[in-house]
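The structure appears below as structure tokens.
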Amino acid sequence: MRRHSVRGKNHGLTFLVLLGVALNAGSLANAQGNGEKNKQKADPPAAATVRLIRVSLPLTGNADNELIAAVDRQLSELPTSDDRPTLIFEFRAREGQVVGGSRFERALSLARYLASDAFSRVRTVAYVPESLEGHAILPVLACEQLISAPDAELGRAGKAESSIDSTMRSAYREFAERRRVIPVPIVMGMLDPSLTVSEVQLVGGGVRYVLPDELEQLRAEGKVWKENTSIAAGDLGNFTGRQLRLQFGFASHLAADQKQLAEALQVPPESLEQSVDAGDAWKAIRVNLRGRITSRLVTEAMQSIRVGQESGANLICLWIDSPGGAPAPTLRLLNFLAEQDPQQVK
């Protein structure tokens, strides 16, 4: 049995065609010949260069894998060009849920994915429109750029933990060092309440955020001009978007809504209207095409596919077991599969 995966133009809609018996060679040849004439008409429009991905919090269960599957499909559809497409990850709590309940393992899995080579040609932006705490901060740190609503708070990563182990410390340090959006000491102060984080103004200019050991070394070297406590021991670092932008400069912009977000990124507002939900995953149905290809058989198959789309399916498994049939209905089915609009199925 031969298996062919035919990528339809539906957003996230894939046709998996399983051929049991080869179609009549003449029918296929004629259909393909006519199909070439319609190739230009069936070509998809250029993909958008900006995508908004909604990350529903908390990250529990299989949430990381569902998001990764959805984003993988987005990456495969992004245009190949000299300009880096932008993926904006909007972190919001699910209705009735709190933002602080993300599991460390799920957040770490997502953070590793966002920092992987798969995003080497993509710019990643973390957008925090509402307060965010707990381990969901990890994937925020894995993005290249941070934009926050002015009053949204970001911090208290270790709030739900009775103790902070070496694995957690290593993970937070890794992503803080890799992206350098928020300095490592500040990030560690969000995670571990035993730490004191100081802001040091250096002799000769410059500001550095340091943990106690480094502070003592700077003092001994006579490099400290002024020092202030940014995060006191016993507290977990937590800052508003306004502080992250205006006081520290960690956030690149402030944006209270999608209109301001579009202005900050200098993209058309409508480019953010069609978002992808992080919970999008493969939803499959199987459509059988058995016997000789006739107009009635093709009509029934097309109707089954439409019904599947209306029910939310984004993977259509088309099972073909046919000795062949008439060229005209075969071509009609081929054109139907090719003409699916990528923006109509989510």
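For the numbers below, each heavy atom of this structure counts, side chains included, while hydrogens, waters and symmetry mates do not. Being a predicted model, the structure only gives us computed values, none of them experimental.
Listed for the Arg84 side chain is a donor-acceptor partner under 3.5 Å among the backbone atoms of Val122. Judged by distance alone, with hydrogens and angles left aside, the side-chain atoms of Ser102 form a donor-acceptor pair with the main-chain N or O of Leu59 at under 3.5 Å. No donor-acceptor pair under 3.5 Å is formed between the side chain of Ser170 and the backbone N or O of Ser166. Between the side chain of Ser76 and the main chain of Arg73, a donor-acceptor pair closer than 3.5 Å is present. Counting only distance, with no hydrogens or angles, the side chain of Asn288 and the backbone of Arg290 share no donor-acceptor pair below 3.5 Å.
The environment of CZ in Arg112 is sparse: at most 12 heavy-atom neighbours from other residues, nucleotides or ligands sit within 6.0 Å. Summarising the local packing, CG of Asp213 is surrounded by 12 or fewer heavy atoms from other residues, nucleotides or ligands at distances under 6.0 Å.
In the hydrophobic clustering of this structure, Val298 groups with Ile320; members are Ile, Leu, Val, Met, Phe, Trp, Tyr whose side-chain heavy atoms approach within less than 4.5 Å, directly or through other members. Residues Val140 and Leu87 are members of one and the same hydrophobic cluster, defined by side-chain heavy-atom contacts under 4.5 angstrom among Ile, Leu, Val, Met, Phe, Trp and Tyr. At a threshold of 4.5 Å between side-chain heavy atoms, the hydrophobic network of Ile, Leu, Val, Met, Phe, Trp and Tyr places Phe91 and Ile68 in one connected group. Side-chain heavy atoms closer than 4.5 Å link hydrophobic residues (I, L, V, M, F, W, Y) into clusters, and following such links, even through other members, never connects Leu254 to Leu261.
Considering only heavy atoms from C-beta on, Val287 stays 4.5 Å or farther from Met302 through its side chain. Looking at Leu289 and Asp321, their side chains never come closer than 4.5 Å, going by heavy atoms from C-beta outward. Annotation: side chain of Thr294 is not in contact with side chain of Pro329 (no heavy-atom distance under 4.5 Å). In this structure, the side chains of Ile53 and Gln74 come closer than 4.5 Å at one or more pairs of heavy atoms. Looking at heavy atoms from C-beta onward, Leu191 lies out of side-chain contact with Arg156 at the 4.5 angstrom threshold. Contact annotation: the side chain of Ile147 approaches that of Ser252 to within less than 4.5 Å [non-hydrogen atoms, C-beta and beyond]. No side-chain heavy atom of Leu108 sits less than 4.5 Å from a side-chain heavy atom of Arg103.
Ion pair Glu300/Arg296 flagged as a salt bridge, since at least one NZ, NE, NH1 or NH2 atom sits closer than 4.0 Å to an Asp/Glu carboxylate oxygen.
Residues in residues 174-187 take part in these side-chain hydrogen bond (donor to acceptor under 3.5 Å, both in side chains) pairs, two or more places apart or across chains: Glu174-Arg178.
Rounded to the nearest 0.5 Å, atoms CG (Leu114) and CZ (Phe89) are 5.0 Å apart. Rounding to the nearest 0.5 angstrom, the gap separating the CG atom in Leu146 from the CG atom in Leu154 is 6.5 Å. In this structure, Leu138 CG and Ser109 OG are separated by 11.0 Å, a value rounded to the nearest 0.5 Å. The CG atom of Asn65 sits 10.0 Å away from the CG atom of Leu110 when rounded to the nearest 0.5 Å. Atom CD1 in Ile293 sits 12.5 Å away from atom CG in Leu331 (nearest 0.5 Å). Taking CG of Leu195 as the reference point, atom CD1 of Ile164 lies at 9.5 Å (rounded to 0.5 Å).
What you find for Arg94 and Ser56 is that their closest heavy atoms are CG-CB, 3.5 Å. The two atoms that bring Gly291 and Ser322 nearest to each other are O-OG, 2.7 Å, heavy atoms only. When all heavy atoms of Ala107 and Ala136 are compared, the pair lying nearest together is CB-N, 4.5 Å. Shortest non-hydrogen contact noted between Tyr127 and Ile88 is CB-CG2, 3.9 Å. Scanning both residues, Gly101 and Pro58, for their nearest heavy atoms gives C-CB, 3.4 Å. Val197 and Pro185 make their closest contact through CG2-O, 3.3 Å (heavy atoms, listed as atom of the first residue, atom of the second, distance).
Partners of Arg92 by salt bridge (Lys or Arg N to Asp or Glu O under 4.0 Å), not counting sequence neighbours, listed by chain and number: Glu90, Glu130. For Tyr113, the ring-ring contact (aromatic ring centres under 6.0 Å, His included) partners two or more places apart in sequence, or in a different chain, are Phe119. Applying the side chain to side chain donor-acceptor pair (under 3.5 Å) test to Gln260 and every residue at least two apart in sequence or in another chain returns nothing. Residues forming a salt bridge (Lys or Arg N to Asp or Glu O under 4.0 Å) with Glu161 (at least two apart in sequence, or on another chain): none. Residues that satisfy the ring-ring contact (aromatic ring centres under 6.0 Å, His included) test with Tyr172, not counting sequence neighbours, are His135. Partners of Asp151 according to the salt bridge (Lys or Arg N to Asp or Glu O under 4.0 Å) rule, which considers only residues two or more places apart in sequence or in another chain, are Arg242. Partners of Glu105 under the side chain to side chain donor-acceptor pair (under 3.5 Å) rule, at least two apart in sequence or in another chain, do not exist in this structure. Every side chain to side chain donor-acceptor pair (under 3.5 Å) that Thr86 has, sequence neighbours left out, goes to Arg123. Partners of Lys223 under the salt bridge (Lys or Arg N to Asp or Glu O under 4.0 Å) rule, at least two apart in sequence or in another chain, are Glu221.
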Requested in this report: Could you give me the CA-CA distance, side-chain angles and deciding distance for Val50 and Leu265, then say whether side-chain contact (heavy atoms from CB on, under 4.5 Å) is met?
Outcome: CA-CA 10 Å; Val50 178; Leu265 294 172; 5.7 Å; no
Query - Stepwise side-chain contact (heavy atoms from CB on, under 4.5 Å) check, Met188 with Arg173 - result: CA-CA 7 Å; Met188 302 311 292; Arg173 181 177 292 277; 4.2 Å; yes
Query raised in the report: side-chain contact (heavy atoms from CB on, under 4.5 Å) between Met168 and Phe104: does it pass, once the steps are laid out?
Result: CA-CA 8 Å; Met168 290 181 186; Phe104 172 71; 3.9 Å; yes
Query - Worked check of side-chain contact (heavy atoms from CB on, under 4.5 Å) between Phe248 and Ile182 - result: CA-CA 9 Å; Phe248 298 107; Ile182 301 177; over 6 Å; no
Donor-acceptor pairs under 3.5 angstrom involving side-chain atoms of residues 230-239: please list them, not counting sequence neighbours.
unit_1, atom_1, unit_2, atom_2, d
Asn238, OD1, Gly155, N, 3.4
Asn238, ND2, Glu153, OE1, 2.9

Just list the side-chain donor-acceptor pairs under 3.5 Å for residues 198-212, sequence neighbours left out, or say none.
unit_1, atom_1, unit_2, atom_2, d
Glu199, OE1, Tyr209, OH, 3.2
Arg208, NH1, Glu214, OE2, 3.1

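In the model, Ser271 has no side-chain atom that pairs as donor or acceptor with a side-chain atom of Arg51 under 3.5 Å.
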